[in-house]
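Below is one structure; the comments refer to it alone.
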Amino acid sequence: MASFRDYEMSRPTIQEWAVIWMKKYLVIHIISLVPWDLIFMNQHWHTYLQLFRFFRLYRIANKIKRCAIYKQLFVYLDNKYGSAVGDVLPILCIIFFVVHTNACLMYLIGKYKGFPGWDDPWKQFHDATIGDLYAWTFYMTVGNMLPMSFMARSTPEIVRTMFTMMIGSSMVK
């Protein structure tokens, strides 16, 4: 593009943009914005309808890419530590997000079913706080996604093992 005028001419008009948005995103926004859990409140499965809100998470990647703070952090890390950190950090964030989502789903399903058999592998289950339960479900989710040979028995061991697994999984490229 040679000039600002060429740039402006290449951009779609508001009508063209609206048509593109309606074709791509309207259905996702309608499904994710309707409070399905309130509409079907009398059903025993109404809380699971909140999962439709996850459809809007596709927007996070675009927002992060356009974020000035993210770009400055990327340039800073690239200048200070080299390009490997800038390449691994987004992958590590995606892995963390996927594992976090799976851990929350694991807890949600366990809570719905009454946590059957959770006290077999983890004896302190009944005395656990919500933080301990989150750490345990996160650890088990990472274990389901990556091969494990060490079975941690306390929360600090779980956190350390998760940290080691996350770093190890980010090193494979």
Side-chain angles (χ1 to χ4, degrees), residues 1-113 130-131 133-135 137-146 159 162-163 165-173:
M1 283 183 235
S3 67
F4 181 72
R5 178 176 159 76
D6 292 339
Y7 171 73
E8 285 297 319
M9 295 298 288
S10 68
R11 291 178 53 189
T13 64
I14 191 72
Q15 291 84 10
E16 292 170 341
W17 177 84
V19 170
I20 292 169
W21 183 86
M22 284 185 198
K23 286 181 180 177
K24 285 186 174 180
Y25 305 116
L26 183 64
V27 174
I28 293 172
H29 279 256
I30 288 174
I31 289 173
S32 64
L33 288 175
V34 173
W36 298 106
D37 53 326
L38 297 176
I39 294 171
F40 296 104
M41 189 179 291
N42 295 332
Q43 305 296 326
H44 69 282
W45 42 265
H46 73 92
T47 54
Y48 297 107
L49 293 173
Q50 290 179 353
L51 296 176
F52 281 125
R53 294 181 186 163
F54 280 114
F55 286 137
R56 297 190 81 191
L57 294 176
Y58 74 91
R59 299 169 56 201
I60 290 176
N62 285 338
K63 292 203 182 290
I64 289 174
K65 285 179 188 175
R66 289 183 286 168
C67 178
I69 295 171
Y70 173 76
K71 288 180 181 179
Q72 287 176 349
L73 176 66
F74 184 80
V75 168
Y76 171 76
L77 290 173
D78 196 32
N79 290 336
K80 186 161 181 135
Y81 300 108
S83 63
V85 174
D87 292 340
V88 169
L89 191 62
I91 295 169
L92 191 59
C93 291
I94 290 169
I95 290 171
F96 177 80
F97 176 73
V98 168
V99 172
H100 166 76
T101 304
N102 285 330
C104 289
L105 289 172
M106 182 179 172
Y107 175 78
L108 184 67
I109 292 168
K111 185 176 180 182
Y112 177 70
K113 295 291 186 182
I130 191 71
L133 286 171
Y134 176 76
T137 55
F138 196 95
Y139 171 73
M140 294 310 263
T141 302
V142 170
N144 288 337
M145 294 181 167
L146 303 169
V159 171
M162 284 185 310
F163 183 70
M165 288 178 188
M166 296 292 286
I167 289 175
S169 67
S170 67
M171 296 299 175
V172 177
K173 188 171 181 182

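As a basis for the values below, the full set of heavy atoms in this structure was taken, side chains included, without hydrogen atoms, waters or symmetry mates. The model shown is predicted, which means the values in this text are computed figures rather than measured ones.
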* To do: Can you measure from CH2 (Trp21) to NE2 (His29) and round to the nearest 0.5 angstrom?
  => 5.5 Å
* Are Lys63 and Tyr70 side-chain neighbours, meaning at least one heavy-atom pair lies under 4.5 Å? -> no
* Quick one: pull up CD1 in Ile28 and CG in Leu33 and give me the separation to the nearest 0.5 Å. => 11.5 Å
* To do: Kindly indicate, with the supporting measurements, whether the criterion side-chain contact (heavy atoms from CB on, under 4.5 Å) is fulfilled by His100 and Tyr134.
  => CA-CA 9 Å; His100 166 76; Tyr134 176 76; 2.6 Å; yes
* To do: Kindly write out the residues that satisfy salt bridge (charged side-chain N to carboxylate O under 4.0 Å, His left out) with Arg66, not counting sequence neighbours, or none if the list is empty.
  => none
* Atom pair CG (Leu108) and OG1 (Thr137), whose distance is rounded to the nearest 0.5 Å -> 11.0 Å
* Pairs satisfying side-chain hydrogen bond (donor to acceptor under 3.5 Å, both in side chains), at least one member in residues 101-110, at least two apart -> none
* Whether Gln72 side chain and Ile69 backbone form a donor-acceptor pair below 3.5 Å -> no
* Answer yes if the ring centres of Phe96 and Phe138 are under 6.0 angstrom apart, and no otherwise. => yes
